[in-house]
Amino acid sequence: MTEPPLRADMFDELCPSDLSPVRFGDKWAGMIIRCLERGPRRFSELRVPLRRVTAKVLTQSLRSLERDGLILRTAHAGPVQRVEYELTPLGRSMLEPMNAACEWSAEHWDELLEAREATTPNRMVR
């Protein structure tokens with residue numbers, strides 16, 4: 001059974017993962033892990049919700065996650081080569097701490113926004 005396609009609006013412009021001070025790997029790693037939590041995905045499928053990421057940066061993030069043992073890259077032979085990425089058991093173990101970080105960020109959203117706005121570099125420093 002194939003999983004439904006990833007939604008293009010899966011990550012809003014003001015996504016809590018952008019605001020959260022808790023990072024899992026590089027800037028995009030947490031979002032990639034979220035995209036893979038329901039099963040394997042092809043690169044082109046990942047590009048839909050991660051449209052703000054260049055192909056080069058997405059490739060670098062995927063390689064980093066693979067090197068760290070969090071995702072598995074599988075190349076399927078055939079007339080048209082197909083590559084899929086999926087979470088390893090180690091990668092899947094990241095979902096629980098990520099859920100906790102997302103809940104914490106949602107709970108402290110207003111405070112995080114206020115802190116960011118207070119330190120915006122729009123003020124002149126002498």
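Just so you know, residue 1 is the first one in the sequence shown, and it goes up from there. Because the structure is a prediction, the values reported are computed rather than measured.
For Ser93, the side-chain hydrogen bond (donor to acceptor under 3.5 Å, both in side chains) criterion is met by no residue, not counting sequence neighbours. Contacts of Ala55 classified as side chain to side chain contact (heavy atoms under 4.5 Å, CB included), with partners at least two apart in sequence or in another chain: Phe43, Arg47.
Sorted by first and then second residue, the side chain to side chain donor-acceptor pair (under 3.5 Å) pairs with a member in residues 73-83 read His76-Glu84, Arg82-Glu84; sequence neighbours excluded. Sequence neighbours left out, not one pair with a member in residues 85-114 passes salt bridge (charged side-chain N to carboxylate O under 4.0 Å, His left out).
For the atom pair CE (Met98) and SG (Cys102), the distance works out to 6.0 Å, reported to the nearest 0.5 Å. Between the CZ atom in Arg67 and the CZ atom in Arg63 there is a gap of 10.5 Å [rounded to 0.5 Å]. Within the model, atoms CD1 of Ile33 and CH2 of Trp28 stand 14.5 Å from one another, a figure rounded to the nearest 0.5 Å.
The two residues Cys35 and Leu46 have their closest heavy-atom pair at CB-CD2, 3.5 Å.
Counting only heavy atoms from C-beta outward, the side chains of Trp104 and Leu112 approach each other to under 4.5 Å. Taking the side chain as every heavy atom from C-beta outward, Leu62 and Tyr85 approach each other to under 4.5 Å. Counting heavy atoms from C-beta outward, Thr54 and Leu58 have side chains that stay 4.5 Å or more apart. Proximity of Val53 to Ser61: side-chain heavy atoms (C-beta onward) are nowhere separated by under 4.5 Å.
Ion pairing between a basic and an acidic side chain is recognised when a charged N comes within 4.0 Å of a carboxylate O; Arg34 and Glu37 show such pairing.
Checking Thr88, Leu72, Leu87, Ile71 one by one against Leu65, the side-chain contact (heavy atoms from CB on, under 4.5 Å) holds for a single residue, Ile71.
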